[in-house]
Amino acid sequence: MPGTDPAEALAAVFSELPAFPYLPELPGRGPGADLVGRTAALLVDMPVETTTGGWRLASRPGRDASRAASMLARDLDELEEAAQGWDGPLKVQACGPWTMAAAVELTRRRDPALADPGAVADLTGSLAEGVAAHVAEVRKRVPGATLVLQLDEPSLPAVLAGAVPSASGLNRITEVEGATAAASLRTILSGAGVFSIVHCCAPGAPLTVIAAAAAGAVSLDLSLLRRDEEDGLAEAVEAGLGVLAGATGIAGPARPPGRPPAPRDVAQRVRELWHRIGQPPAAAIASVVITPSCGLAGTTPAGARQILARCREAARILPELIEEGQP
């Protein structure tokens, strides 16, 4: 989410998404509030520090890790205040192990932790313990909520393809097998013990790996889903995987500036996808959550509210389109 005030962001989320709110991330606050730094605050016995290019594993805890932990603690305090009496679903999110391994450098060399299988194993174990503790802390603060965990894995396709560059940029880190990637994801998801989502807003979201990790749902940007990938989505849905369909969002490489789609157009887009993959249209009501295409940090607080409202209205319209029998 945009902005730097967690109370303001939470007010927007609970106002615009009363059926499925979440704990926002506010990367505009700087290092430690970004996807990787925020998740680094969850790591157990694995300190990190900032570098000129991002984050790296550190030999001892320092100021950077303390700042990230402090911001997360403030966010939890604000969540506890905003969610008093809440008894519905509540989503929390963290960076997944493979995106962390691709982004965080090793302690004594500049290569990503991904280049060292031992470091990846340590990172996965630390993250699994930290995420489970985070879920438990949120449950304690909002005891009536039904928690949902989302792991953000934008780098997962590159990890599987062997496309993550070394420090020099002259080489690529050896690709990771799908079974290995799924096992690490499964370790974290199973340890959390709640309904889970894997979010991948990059082209080529690996649906088979996400399903093999025993995730309950996949979150993806529909604008990046190629027609030749739709059969894979159909198979995943038939196997029981839910879909968080990123159907509207801010302008970007795949979404040029222009008039944002109306909620009915957003709902129709989801309806048409379900028709193309051969799924019963009515199943979309039970299987799909309409979401922004990806993060909203690049827009304004008012713009983020508008996009969330558009998603909510599109979800309301979707059953109407199905009842009308539109193709």
Side-chain angles (χ1 to χ4, degrees), residues 1-44 48 50 55 61 63-96 100 127 129-152 192-197 199 219 244 249-250 289 291-292 294-309 311-312:
M1 291 283 282
T4 59
D5 184 344
E8 179 183 344
L10 280 161
V13 167
F14 275 86
S15 172
E16 301 300 342
L17 299 179
F20 194 14
Y22 57 89
L23 175 62
E25 296 175 354
L26 302 175
R29 290 180 292 182
D34 57 295
L35 174 63
V36 173
R38 183 180 179 89
T39 300
L42 303 178
L43 295 176
V44 176
V48 296
T50 57
W55 293 87
R63 179 176 56 188
D64 298 328
S66 177
R67 183 171 185 267
S70 177
M71 285 190 286
L72 179 57
R74 181 189 172 193
D75 290 356
L76 291 175
D77 289 343
E78 295 289 356
L79 173 66
E80 186 174 3
E81 178 70 22
Q84 285 188 16
W86 179 253
D87 61 357
L90 175 65
K91 183 170 73 70
V92 296
Q93 52 278 334
C95 186
M100 285 289 288
L127 184 57
E129 187 176 350
V131 166
H134 180 54
V135 168
E137 177 66 17
V138 175
R139 181 181 284 118
K140 182 175 71 174
R141 290 170 178 261
V142 193
T146 301
L147 294 186
V148 175
L149 171 66
Q150 175 177 304
L151 291 184
D152 290 315
V194 297
F195 186 86
S196 59
I197 301 161
H199 173 225
S219 173
L244 276 73
I250 63 176
V289 175
T291 74
C294 202
L296 300 176
T299 186
T300 63
R305 275 183 173 269
Q306 290 173 355
I307 292 170
L308 295 179
C311 291
R312 185 189 69 239

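Hydrogens, waters and symmetry mates play no part in the numbers below; they use all other heavy atoms, side chains included. Everything numeric in this text was worked out from a predicted model, so none of it was measured.
- Residue Glu80 qualifies as enclosed at atom CD: its count of foreign heavy atoms under 6.0 Å is above 12.
- Side chain of Arg305 to main chain of Glu16: no donor-acceptor pair is present (N/O by atom type, distance under 3.5 Å, no hydrogens or angles).
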- Derivation and outcome, side chain to side chain contact (heavy atoms under 4.5 Å, CB included), residues Leu127 and Leu43: CA-CA 5 Å; Leu127 184 57; Leu43 295 176; 3.9 Å; yes

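- No side-chain heavy atom of Asp64 sits under 4.5 Å from any side-chain heavy atom of Val48.
- Residues Tyr22 and Val92 have side chains not in contact (no heavy-atom distance under 4.5 Å, counting atoms from C-beta outward).
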Given the rule in the side chain to side chain contact (heavy atoms under 4.5 Å, CB included) test, do Arg139 and Val194 qualify, once you have shown the distances and angles that lead to the verdict?
-> CA-CA 11 Å; Arg139 181 181 284 118; Val194 297; 3.3 Å; yes

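- Here Phe14 contributes atom CZ and Phe20 contributes atom CZ; the two are 11.5 Å apart, rounded to the nearest 0.5 Å.
- Between Leu244 atom CG and Cys311 atom SG the span is 10.0 Å, to the nearest 0.5 Å.
- Judged by distance alone, the side chain of Gln93 and the main-chain N or O of Leu23 form a donor-acceptor pair under 3.5 Å.
- To the nearest 0.5 Å, the span separating CG on Leu308 from CE on Met1 amounts to 5.5 Å.
- Inspection of the Asp34 and Trp55 side chains reveals an N or O donor paired with an N or O acceptor under 3.5 Å.
- With respect to Arg29 and Asp75, a salt bridge is recorded, a charged nitrogen being found less than 4.0 Å from a carboxylate O.
- No donor-acceptor pair under 3.5 Å is formed between the side chain of Thr146 and the backbone N or O of Pro89.
- Closest approach of Leu26 to Gly3, counting heavy atoms only: CB-O, 3.6 Å.
- Checking side-chain atoms of Ser70 against main-chain N and O of Ser66 turns up no donor-acceptor pair under 3.5 Å.
- To the nearest 0.5 Å, atoms NZ (Lys91) and CD (Gln150) are separated by 3.5 Å.
- Nearest heavy-atom pair across Val13 and Pro24 is CG2-CG, 3.9 Å.
- No donor-acceptor distance shorter than 3.5 angstrom exists from the side chain of Asp152 to the backbone of His199, with no hydrogens or angles considered.
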Val36 and Met100: side chain to side chain contact (heavy atoms under 4.5 Å, CB included), yes or no, with the steps? CA-CA 6 Å; Val36 173; Met100 285 289 288; 3.8 Å; yes

> Going through the distances and angles, do Leu296 and Thr299 end up as a side chain to side chain contact (heavy atoms under 4.5 Å, CB included)?
Replying inline: CA-CA 6 Å; Leu296 300 176; Thr299 186; 4.1 Å; yes

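- To the nearest 0.5 angstrom, Leu149 atom CG is 6.5 Å from Ser196 atom OG.
- In this structure, CG in Leu72 is found 9.0 Å from CD in Glu137, a value given to the nearest 0.5 Å.
- Scanning all heavy atoms of the two residues, the minimum distance from Ala94 to Val131 falls at CB-CG2, 4.3 Å.
- You'll find the side chain of Leu90 stays beyond 4.5 Å of the side chain of Val148, heavy atoms only.
- With contacts defined as side-chain heavy-atom distances shorter than 4.5 Å, the pair Arg312/Pro18 qualifies.
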